[in-house]
Number of protein chains: 2
Amino acid sequence: MRAAMYYGNHKLEIEDIPEPTLSAGQVKVRVSRNGICGTDLHEYYDGPIFIPPDQPHPLTGKSMPLVIGHEFSGVVTEVGPGVTDVNERDRVAIEPIYRCGHCRPCKTGRYNLCNSVGFHGLMADGGMAEYTVVPQDQIHQLPNSIPLEMGALVEPMSVAYHAAILGEVNDQSQALIYGAGPIGIGLWFALRGMGLTEIDVVEPSPTRRNAIEALGARTLDPTGVDVPELIADRTDGNGVDAAFDAAGVAPAIESALECIGERRPLISVAIYDKPLSTPLINLVLRERRIQGTICYTGDDYRAVIALMAQGHYDTTGWVETIPMSGVLEQGFEELRAGRKMKLLVDPTA
Amino acid sequence: MRAAMYYGNHKLEIEDIPEPTLSAGQVKVRVSRNGICGTDLHEYYDGPIFIPPDQPHPLTGKSMPLVIGHEFSGVVTEVGPGVTDVNERDRVAIEPIYRCGHCRPCKTGRYNLCNSVGFHGLMADGGMAEYTVVPQDQIHQLPNSIPLEMGALVEPMSVAYHAAILGEVNDQSQALIYGAGPIGIGLWFALRGMGLTEIDVVEPSPTRRNAIEALGARTLDPTGVDVPELIADRTDGNGVDAAFDAAGVAPAIESALECIGERRPLISVAIYDKPLSTPLINLVLRERRIQGTICYTGDDYRAVIALMAQGHYDTTGWVETIPMSGVLEQGFEELRAGRKMKLLVDPTA
């Protein structure tokens, strides 16, 4: 079968490799679509970062080289001994987390923070291949109403949904999202799905503003408007109930920390390359907080799949599929240059 | 009467001024001790910062010049018409907050965050005088078991207690305090009062370490030990349940953000002069948070007074009284130079 094999920095090869074989408790999936994530770009251009270069990962036993791809959907072709509730021909999305099950985060249901956490496609052969094999606990069933293209988005949309939950908002809340990339878009869908109607997306790029506006979002251009001033006016000086940083740049943090109300959170869902200059005095004076968030658990997957089934998500205008043969030129390079927003790879093409 | 009158940057005069007169709902207090706070130093050396230079404060109608002093205790000498539950000769601590009562923070019981918040001694004639007059809602009764010297510490100890509450800890929790100044000491007393036994105070100054050790605290010298490494070893990699920044410097924030457990807070109780370089990635990867905290409400005052009455606080070795005549030379200058930790002013001497 064809697979995108990672050999290290700037080394990704489309190769023919043997199909993976099943063990007990595992499920074999024919991959339909596998999304390219910012993490994949980091591994290729700056890595290896998460992919273990030589030391095998404690939970998967794998290290480089391995098949990348952790955002994917597909159809079950085979189930191993002992697998229950999963059958051939099931349409599925994969929650690619490996966890130890016995550390404190695992025991308290926060296995996204497992002390030995691993990811399918980073610490095990992943989804950028015609087939992959996953433990049955990574399987989520997709209802027929959800196309497999959208199913490949359950992973990044769950990252955003998990962040939205940490915002502790309700349908009367006002929210600000910084950044209209895939996670910013996911935050907008998640918050809308939770019933919020008062959401502004702060994004300096006209292309990205247009894309999210086409989905129905209200946007603010921070190069043309003083966002904290506008928010203060609009909220009678009270500020918004939650802000989300999906931009990962200092001006976003700075602006957000002026816009949130007393005792309210700025949810930080970005991966920061380096320490940012942060005006902590703005936390202190209003008892605000910055709350970090990463990944998801099964609860987020189930919530996103339910919202997708209700028609809350839309891929129009920001998601495209490319063939596996173009993964580097049409994929990584276009994403890195900011010319595309979200690309899914069809491993059969 | 004698009073310390603030006229602006580097202008503080000990003057004879008329005793303040009472209106309805007010209480006249003969000041016993008034503590010098870091805020007072900022006003003198770098200010005016909080003290209104010309625009009268909306709640008090006062601007410069005014009598400083917001940490004080005393004895009631007169009560105005309509005052209930306060009597002549009552021994009292003052909670120096003026609030509007109708903004969102006030309505939700968080009047320390009142949109028009004012302070006795910053936006009204304060406690560094022989007498001062306060609204009755600023009065807290002191039991006879609490000396008036300690009563003057209820204010800064309540700042620390409020911060300790935001740490969301219980008697089984492990905590780290950065900085052993008066607020760090107050955090230690507050956490001990809440039943915690596993507390380390991180402080580079040997003088400050010795002072808090003499009170019974366990300390760490960050210049001699790798604090995150030690905490990781001691907690099996789980991290502490809360860290408190009462130091206000980048190395403290950086160290603290490595030491706290998943989904646990760093409580920021420092006043930061400038934006700090903050490794936000350490928030994201473990879903940690930085929570700001400022001042207190009456609940904190009542809790601190109750703990003081139970013998939980001790002024030995870190609190001294100086005469009003020495407020600048023996007071401000010594504190600024770091040669003293906490100084109370006796306005009669």
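So that the names make sense, note that chain A is the first sequence line, chain B the second, and so on, each numbered from 1.
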Q: Check each atom of B:I253 against the heavy atoms of chain A and say whether the ones under 4.5 Å are side chain, backbone, both or neither.
A: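 B:I253 touches chain A through side-chain heavy atoms alone.
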Q: Please identify, among A:I281, A:I271, A:L276, the residue contributing the most non-hydrogen atom pairs under 4.5 Å to chain B.
A: A:L276
Q: Is B:A250 close to chain A through its backbone or its side chain, or both, or neither, when contacts mean heavy atoms under 4.5 Å?
A: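 Neither part; nothing is under 4.5 Å.
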Q: With heavy-atom distances below 4.5 Å as the criterion, would you say the side chains of A:L283 and B:I290 are in contact?
A: yes
Q: Shorter than 4.5 Å, heavy atoms on both sides: which option in A:I294, A:V117, A:L285 has the most such pairs with chain B?
A: A:I294
Q: Considering only heavy-atom distances, could you tabulate the donor-acceptor pairs under 3.5 Å between chain B and chain A?
A:
from: B:R104; atom 1: NE; to: A:E262; atom 2: OE2; distance (Å): 3.2
from: B:R104; atom 1: NH2; to: A:N238; atom 2: O; distance (Å): 3.1
from: B:R104; atom 1: NH2; to: A:E262; atom 2: OE1; distance (Å): 3.2
from: B:N112; atom 1: ND2; to: A:E287; atom 2: OE2; distance (Å): 3.0
from: B:L113; atom 1: O; to: A:R286; atom 2: NH1; distance (Å): 2.7
from: B:N115; atom 1: OD1; to: A:R286; atom 2: NH2; distance (Å): 3.0
from: B:H162; atom 1: NE2; to: A:E287; atom 2: OE2; distance (Å): 2.7
from: B:N238; atom 1: O; to: A:R104; atom 2: NH2; distance (Å): 3.1
from: B:E262; atom 1: OE1; to: A:R104; atom 2: NH2; distance (Å): 3.2
from: B:E262; atom 1: OE2; to: A:R104; atom 2: NE; distance (Å): 3.2
from: B:L276; atom 1: N; to: A:T278; atom 2: O; distance (Å): 3.0
from: B:L276; atom 1: O; to: A:T278; atom 2: N; distance (Å): 2.7
from: B:T278; atom 1: N; to: A:L276; atom 2: O; distance (Å): 2.7
from: B:T278; atom 1: O; to: A:L276; atom 2: N; distance (Å): 3.0
from: B:T278; atom 1: OG1; to: A:T278; atom 2: OG1; distance (Å): 3.3
from: B:R286; atom 1: NH1; to: A:L113; atom 2: O; distance (Å): 2.8
from: B:R286; atom 1: NH2; to: A:N115; atom 2: OD1; distance (Å): 3.1
from: B:E287; atom 1: O; to: A:Q291; atom 2: NE2; distance (Å): 2.9
from: B:E287; atom 1: OE2; to: A:N112; atom 2: ND2; distance (Å): 3.0
from: B:E287; atom 1: OE2; to: A:H162; atom 2: NE2; distance (Å): 2.7
from: B:E287; atom 1: OE2; to: A:I294; atom 2: N; distance (Å): 3.0
from: B:R288; atom 1: O; to: A:G292; atom 2: N; distance (Å): 2.8
from: B:I290; atom 1: N; to: A:I290; atom 2: O; distance (Å): 2.9
from: B:I290; atom 1: O; to: A:I290; atom 2: N; distance (Å): 2.9
from: B:Q291; atom 1: NE2; to: A:E287; atom 2: O; distance (Å): 2.9
from: B:G292; atom 1: N; to: A:R288; atom 2: O; distance (Å): 2.8
from: B:I294; atom 1: N; to: A:E287; atom 2: OE2; distance (Å): 3.0

Q: Heavy-atom distances under 4.5 Å only: say whether B:L266 touches chain A with side chain, backbone, both or neither.
A: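 Nothing of B:L266, per the 4.5 Å heavy-atom cut-off to chain A.
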Q: If you count heavy-atom pairs within less than 4.5 Å of chain B, which of A:P279, A:G261, A:G237 leads?
A: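 Between A:P279, A:G261, A:G237, the count favours A:P279.
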